[in-house]
Amino acid sequence: MPSVVGIGVLLPGMQRWVMPDVTALLAARLQAAFDRLSPGADPVLRPSDRADFQVNGALALAKQLGRPPRAIADAVVATAELSDMCERVEVSGPGFVNIVLSEEFLVQRVAEMATDPRLGIEAVPVPEVVVVDYSAPNVAKEMHVGHLRSTVIGDSLCRILGHLGHRVVRENHVGDWGTPFGMLIEHLNDLGEATAVHELSAGDLNSFYQAARRSFDADEVFRERSRRRVVLLQSGDPETLRLWRVLVDQSIAYFDEVYAKLGVLLTDDDIRGESFYNPLLPSVVEDLRAKGLLVEDEGARCVFPPGFTNRHGDPLPLIVQKSDEGYGYAATDLACIRDRVDRLGATRILYVVGSPQAQHLEMCFAVAKMAGWLREGVEAEHVSFGHILGSDHKMLRTRAGASTKLVDLLDEAVTRASSAMTERGRDEDLSEAERIAVARALGIGAVKYADLSNDRTRDYVFDWDRMLAFEGDTGPYLQYAHARIRSIFRRAAAGGTPPAEAGTVVDAEVPDSTAPVSLAAPQERALAVALLGYPAALGAAAKDAEPSKLCAYLYELSSAFTTFYEHCPVLRAPERATRESRLVLAGTTARVLREGLSLLGIEAPERM
RNA sequence: GCCCCCGUAGCUCAGUGGAUAGAGCACCGGCCUCCGGAGCCGGGAGCGCAGGUUCGAGUCCUGCCGGGGGCGCCA
């Protein structure tokens, strides 16, 4: 069964009318005004540092309409229906329109958000079927840092898209087929099944693989056995398949351990390994041949999508079937696309795959379009990402030059988080069990946030001290901001005084999220505006498949909160009404932080 | 050789063609009877180089320089 995330929001009865978010609402109003001047003209609505928003569309329209930009801006201001939202709309400079939202509007929207279980996030009206291809470890091979990015980014995208109401199908394209399995199965035989299983279940996949490799390189007899074993595997020999299954199952059990440690959604049901597509490969080749796309070249069956050339400037082939009749990975990738469109009904396919494979994927997409498998209305996107670099700005490796094992990295993160807590005396009130859980949340969260908060497409420098810092744009900082707000509510629940017994956890919710909100102080207003930006930020992250946009938003929100918190006493507010209003602001901030972090796959502890 | 990505402050990074290019770290100066100071307020410092398109370019185009990646039977 394909995995489904977030389908719940589409169930009858749960679907409810939620007002469009502030940005969308404003954009719609402005669009109507611009349409009257020039149908379809882009208002160019942008956040502004000198107002809440600015509208730049008038300048672009000036030349086209042959009118001064200020006159156009004036016309927009005169005709746009903004009076219920804004307290000031004015033309400035060469023709910008500055928009300042009214306090009444902000108050009303924050109140709606505070009482909305979905925090103002509207389920998309037309859900897509989004297939997310990510993680993709190899059977009988250790997961290393190279798998971190794909797994973490893909996980977050699944969560975000699912939360927005899309039907998400997770696909873990595990490397479980191909010529190396001849060698691996023969090595398994040589070790003896029991010994091999023991070694693999201990998670020592690398030494197993490397030993197989050594035999293959050194021993001609072993090599020949391996080749014959590949043929047996391909032909479906039951005993060979059984041994193959042993390797696969042991590896999957190991992957599950890593996924559990990492805290991602992937389950065994999401595994759609290369072996799954194996039976579909002949028809891929047949269909390409029938469509006249297949070209035999040097014995290999290829498709030459236009626009791709090799080092000599000659057309570059996508090799579908090798000269030895075996299928190349391109065939699998093509079968995969077809399967996702036909069987799963995908309307959007995300490949969370490293940037080196950009050209290969482009070629696959091009061929799939030529063959009609990727039809109109189905988007295939390469969600590309860069390398993780060490402090020397080179690919992260151990001293020995091997790529770092993912489990080692994660264990070190938790260890470092644990000592950071002790150093800062943050663990004094926590029970041992809670201390361990928090250290885990902090360490894993720090690694994930460091990865997710960068522009995917770029390489980033891996730096323990920076990612685990409790200040700056880090996971722990956001978790801290959340924990600090929760602490306010524990105090509020205890009558405004600290709990009598250290270690007592009072799980307090917002006492009254329907209390009237006032935004008299500028820091209160700024926090309200930041809160209302949540839907737009989430939408942008989903549209661009870019979790860093959600990270940037959450960091801005935290900053707005700390400024607010510094200047606006909550529990010590002089008036009861002010105190309750501020509790609503703080409580809503905590909820957005917790939900936002969870959409990144990061836990938000109550205390830390 | 060809193709792709990247080059923004001392460091790590944001910047969907719009006004004076923003953060964090580090540094400097203020604020502590502080609901968690892991903070708040303020400061200095930057778009690799050269052209071009545009009313407007960090953003788009061309060339160059520098870094990374890819380029036929591995995935």
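Labels below follow one simple rule: chain letters A, B, ... track the order of the sequence lines, proteins then strands, and each chain is numbered from 1.
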If you look at every strand shown and take non-hydrogen atoms under 4.0 Å, does [X] touch a base, only sugar-phosphate, or nothing?
| X | answer |
| --- | --- |
| A/A469 | nothing |
| A/A483 | base |
| A/P68 | nothing |

Interatomic distance, [X] [atom1] vs [N] [atom2] [rounded to whole Å]:
| X | N | atom1 | atom2 | answer |
| --- | --- | --- | --- | --- |
| A/F53 | B/U16 | CZ | C1' | 14 Å |
| A/F564 | B/C34 | CZ | P | 17 Å |
| A/F561 | B/C40 | CZ | C1' | 13 Å |
| A/R572 | B/U33 | CZ | P | 11 Å |
| A/R46 | B/U59 | CZ | C1' | 12 Å |
| A/N56 | B/U59 | CG | C1' | 14 Å |
| A/Y477 | B/G39 | OH | P | 7 Å |
| A/Y565 | B/G39 | OH | P | 14 Å |

Next on the checklist: Going by salt bridge (charged side-chain N to carboxylate O under 4.0 Å, His left out), name the residues that satisfy it together with A/R214, two or more places apart in sequence or in a different chain.
Outcome noted: none
From [X] atom [atom1] to [Y] atom [atom2], the distance as rounded to the nearest 0.5 Å:
| X | Y | atom1 | atom2 | answer |
| --- | --- | --- | --- | --- |
| A/E434 | A/E606 | CD | CD | 9.0 Å |
| A/D297 | A/C302 | CG | SG | 5.0 Å |
| A/N138 | A/E274 | CG | CD | 7.0 Å |

Separation of the [atom1] atoms in [N] and [M], to the nearest angstrom:
| N | M | atom1 | answer |
| --- | --- | --- | --- |
| B/G15 | B/G7 | P | 10 Å |
| B/U16 | B/C61 | P | 14 Å |
| B/U62 | B/U53 | P | 15 Å |
| B/G66 | B/C27 | C1' | 29 Å |
| B/G24 | B/C73 | P | 50 Å |
| B/G63 | B/C4 | P | 10 Å |
| B/U20 | B/C47 | C1' | 15 Å |
| B/G51 | B/G70 | P | 35 Å |

When you measure from the side chain of [X], which nucleotide among [options] comes out closest?
| X | options | value |
| --- | --- | --- |
| A/Q54 | B/G39, B/G18, B/G24 | B/G18 |
| A/P569 | B/G18, B/C35, B/C41 | B/C35 |
| A/Y555 | B/C40, B/C35, B/G24 | B/G24 |
| A/R491 | B/G15, B/C35, B/G39 | B/C35 |
| A/Y480 | B/G18, B/C35, B/G37 | B/G37 |

Checklist entry - Side chains of A/F276 and A/D339: closer than 4.5 Å at any heavy-atom pair? => result yes
Checklist entry - Given side chains that start at C-beta, do those of A/F304 and A/T309 come closer than 4.5 Å, heavy atoms only? => result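 The answer is no, as the side chains (C-beta and beyond) never meet within the 4.5 Å cut-off.
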Checklist entry - Which of these passes ring pair (Phe, Tyr, Trp, His ring centres under 6.0 Å) with A/H173: A/Y277, A/Y329, A/Y134? => result A/Y277
Next on the checklist: Using the ring pair (Phe, Tyr, Trp, His ring centres under 6.0 Å) criterion, which residues pair with A/Y534? Sequence neighbours excluded.
Outcome noted: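 A/Y553.
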Item to check | Pairs flagged by side-chain hydrogen bond (donor to acceptor under 3.5 Å, both in side chains) wherever residues 560-569 of chain A is involved - sequence neighbours left out | outcome: none
Checklist entry - If only side-chain N and O atoms of A/R484 are considered, is one of them under 4.0 Å from the OP1 or OP2 phosphate oxygen of B/G37? => result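 Answer is yes, contact under 4.0 Å.
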Checklist entry - Can you name the nearest heavy-atom pair linking A/R490 to A/A483, along with the distance? => result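 Scanning both residues completely, I find the closest heavy atoms to be NH2-O, 4.2 Å.
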Which pairs, protein N/O on one side and nucleotides 12-14 of chain B N/O on the other, fall under 3.5 Å?
from  : atom 1 : to     : atom 2 : distance (Å)
B/U12 : OP1    : A/H393 : NE2    : 2.8
B/U12 : O2'    : A/R466 : NE     : 3.4
B/U12 : O2'    : A/R466 : NH2    : 2.9
B/C13 : OP1    : A/V461 : N      : 3.2
B/A14 : OP1    : A/D455 : N      : 2.7

Item to check | Contact residues, residues 88-96 of chain A to RNA chain B [heavy atom, < 4.0 Å] | outcome: A/S92, A/F96
Item to check | Watson-Crick or G-U stems involving RNA chain B, each at least 3 pairs long, distances under 3.5 Å, ordered by first number | outcome: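 Stems found: B:1-7 with B:65-71, B:10-13 with B:22-25, B:27-31 with B:39-43, B:48-52 with B:60-64.
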Item to check | Contact list for residues 64-75 of chain A, test salt bridge (charged side-chain N to carboxylate O under 4.0 Å, His left out), sequence neighbours left out | outcome: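 The answer is none; no pair qualifies.
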Item to check | Position toward the 5' end of RNA chain B (nearest nucleotide), A/R50 or A/C568 | outcome: A/R50
Next on the checklist: Both A/A58 and A/P476 contact RNA chain B. Which one's nearest nucleotide lies toward the 5' end?
Outcome noted: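 It is A/A58, whose closest nucleotide lies nearer the 5' terminus.
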Checklist entry - Per the atom types in the model, does the base of B/A19 pair as donor or acceptor with the side chain of A/N98 at under 3.5 Å? => result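 Donor-acceptor pair under 3.5 Å: yes.
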For [X], check side chain to side chain contact (heavy atoms under 4.5 Å, CB included) against everything at least two apart and list the hits.
| X | answer |
| --- | --- |
| A/A51 | A/S48, A/N98, A/V100 |
| A/T474 | A/A469, A/P476, A/Y477 |
| A/P569 | A/R572, A/R582 |
| A/S453 | A/Y449, A/C551 |

Checklist entry - Can you give one letter per nucleotide of nucleotides 69-75 of chain B, 5' to 3': B if a protein heavy atom sits under 4.0 Å from the base, S if only from the sugar-phosphate, - if neither? => result SSBBBSB
Item to check | Residue of the set A/V89, A/V22, A/V97, A/V529 for which side-chain contact (heavy atoms from CB on, under 4.5 Å) holds with A/F53 | outcome: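 For A/F53, the side-chain contact (heavy atoms from CB on, under 4.5 Å) check succeeds only for A/V22.
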Item to check | Centroid under 5.5 Å and tilt under 30°, A/F308 to B/C3 | outcome: no
Next on the checklist: Does A/R456 form a salt bridge (charged side-chain N to carboxylate O under 4.0 Å, His left out) with A/D544? I'd like the steps, not just the answer.
Outcome noted: CA-CA 11 Å; A/R456 271 187 357 242; A/D544 299 340; over 6 Å; no
